[in-house]
Structure formats: C-alpha cells, structure tokens
Amino acid sequence: MNWPESASLLAPLAAWFDRNRRTLPWRAEDLSKPHPDPYAVLVSELMLQQTQVATVIPYFQRWMEGFPDAATLARADADALHKAWEGLGYYRRARHLQAAAQKIAEHGWPADLEGLLTLPGLGPYTAAAVASIAFQQPEAALDGNAFRVLARVLGLEDDPTRHAKSLRHWLKPALETLGPSRLTQAVMELGALVCTPSPRCEQCPLAACCEARRMDATERIPLKKDRAPQKESEIWLLAIRAQGRWLLRPPASKGLLAGLWSWPVLPLEKPVANLAAEPQQPFGLESWRSWPGWTQVYSHRKERIQPLALEWSEAFPVAQLRWVEEETLRTLPMGKRDQRLRELLDTSSQGLEAPPIARLLRRLSSMEAGELV
Ligand code: SF4
C-alpha cells in the first residue's frame, strides 16, 4: 500500500479533537493515561454498538447507578438486567455484558487484545476500542465510522473492510505517536460529527490531505453495499386480560427476544368482508379495544402490527404462555414493540371501524398449542 505515513497525516485530527471533543459521561478527562474505570468503557462500547450517542447517554447513566461495577453486574438477575436495557434494543448486548462482567469479576481484566477478544460480546472492533480507550494499547478500532473516515482520507474506492488488516497495521504508528485513546476517539468523533455520510468537508481538519475530497468522490466513497430487501410480515399483537391478569409469553432463553416478555401474536388475516354475519362476542369475550397499527422496523425485517386488547371473563390455559398479575406487568422487561402496546393500554381506544374480530376470535377458540406465540 502506498499510503502516506499515518502519524503525520493524522496529527491535525488529534489536535482538532483536543479542541472539539464532546464531554461524554464515559469519557476520561485525561486521555494520555489508562482510563480510571475500564468497566465504564466496556459498558459504553457495548451500548454504542448500533445505537446513537444521544440515546445511549441516559441509559449509560442509569446503568452505572444500578450496576456500578463488574461484580455487581455479575450478580444481577435477568429481569433487572433486561429492564435496565429496555428500549435500547439488541438485548443480546446486555447478556453479553453480564457474561463479560462475570468473567472479569472472577478472573480480572485480560492483559491484551487477544484476551479481550475472549470476553463475550467483544468482536475485533469492541476489543480494540476497549484496549485503546481503557488501557492505552495501540490497537486500531475499525467500525463503520472509522472505515468511512479512513476510506475517504486514503481514497479507497473498493470495499474498505477488505483493507482491515492493512489499515490496522498502517494506524499503529499513529496510535503510538498521538496516543491510543486520543486518536481512537478522534477518529470516532470525526466520523460522528464531520465526516458523516454527507460530510462537512469545510469543517474538517483533514481536508487538505483527503484523497476523496481531492478526487471529488466523497459521494461514492466508501462504496455502498447492496442491501438485501427486508422481509415483511403482518400480525395481531394481542393484550389479553382475564380476572385482572394478562396473558404473556415468558422470555425465551435465546434468539432475538431472549430475556424479554412479549404479548402473544397471531398472523394478521385479511379483513372479513361481512362482519354482520359473524357472532361478535363468542366464548367469554367481554369487550375489546383497538388502536391504529404501526410498522415496526428491525435490522432485517419489518412487521406491520395491529394492536388489540381483549377482556375475557375467565382465564383459559394456553400452552407456552403465562397469566401475569396486573401490577407485575409494568415491571417486566419488554422489547420496543411490546412496550408500545403496554403504553397504549393506558390510553383510550381509537377503535378500528370494524376489525375482523370474530374471525380472529374463532381462531383463538380453536387454536392449538403453539399457534398463539
Ligand atoms: S475532507 Fe471531507 S471526506 Fe475527507 S475526511 Fe474530511 S469530512 Fe471526510
């Protein structure tokens, strides 16, 4: 690779960061020393995976109050853990964080990058970020922001992740000269504030040496990958209540919804044409409420959701589901979709004109174990 020497090329970026760095609750004052609380760095890095800084700040602060160190987090119970993460999404991160804390509480912090990579939830980016920010080790942390900045500065026109190994090697002298924690966070800060997908090159400390800018190619660098089309599904999201208790699905031990309680769902069927011919209140249904639906977007799929609350005269057994007391409902950790229905329950119904309720109820009455999931 015929790239310019990294330490002198990136020196203006480090100086810019000293003047422009944001105050963040997990950021140390003095970036020339190891971080006084490596656990805070670990928590922030796990939270910042897939999530914006502004969203993370209040979660981080609450988390550090509830679980101030690795030993406390190691002992936390699963519902408390997921409740503290509620709304942040990608709940696997919370479980990884606890598993990492258990390892740290038992064996202490690993000494180097290889050791950090053995902690649950730490891939090459997060392990290098913790090594450099918490422990001042010259390890290059390459995430989407860093790849974008470096691809533009160096004019990499193909997929920059293909150059990961070379970029790590190239960055090492700059990390050693300009300071691992300082330079790692400077690259992150530039990617977050200036070298964004639509870059503000006129404010950039690297404008004079940036290849993408020189080539007028900031639009096409970095190369955009084709995204697979998102799968879509349509569901009823059902809040079913009987005798003061709610019907919920307990947390699975693995998968997307692990650790989270959720409402039962049924695939949404096409509206029934002739509701007049349908019985409206079969088998113990006392009343129902509905609200306008919404679309929930996940990383690889979308769900078109129709929320519905049903009041039953008597509880009925359903395999794999559990009846939960009214006061317990608020305390249980739920994903965003299910939280939204929980909040709707406190609002008045904005009923659909004619939900295909009779047909839905017939399905409920004849459902077999596993159909209502
Ligand atoms: S000059 Fe523009 S494209 Fe180049 S690094 Fe700076 S902000 Fe990014």
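Indexing begins at 1, ligand by ligand and atom by atom, following the structure's order.
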Item checked: Pairwise salt bridge (Lys or Arg N to Asp or Glu O under 4.0 Å) hits with a residue in residues 123-144, at least two apart ->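 Sorted pair list: E139-K172.
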Notebook entry, point to check: What count do you get for protein N/O/S atoms less than 2.8 Å from atom 2 (Fe) of ligand 1?
Noted result: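 Number of qualifying protein atoms: 1.
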Notebook entry, point to check: So, do L31 and R21 sit near enough that their side-chain heavy atoms are less than 4.5 Å apart?
Noted result: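 L31 vs R21: side chains touch.
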Next item on the list: Name all residues meeting the side-chain contact (heavy atoms from CB on, under 4.5 Å) criterion together with K103; count only those two or more places apart in sequence or in a different chain, and write none if there are none.
Entry: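 By the side-chain contact (heavy atoms from CB on, under 4.5 Å) rule, K103 matches H107, T118, L119, P120.
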Checklist line | Ring-ring centroid check F60 W26, cutoff 6.0 Å | finding: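 Ring centroids of F60 and W26 are less than 6.0 Å from each other.
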Notebook entry, point to check: So, R152 side chain and T218 main chain: donor-acceptor pair closer than 3.5 Å or not?
Noted result: yes
Next item on the list: Hey, could you give me each pair passing side chain to side chain donor-acceptor pair (under 3.5 Å) that has a residue in residues 64-78? Not counting sequence neighbours.
Entry: D69-T72
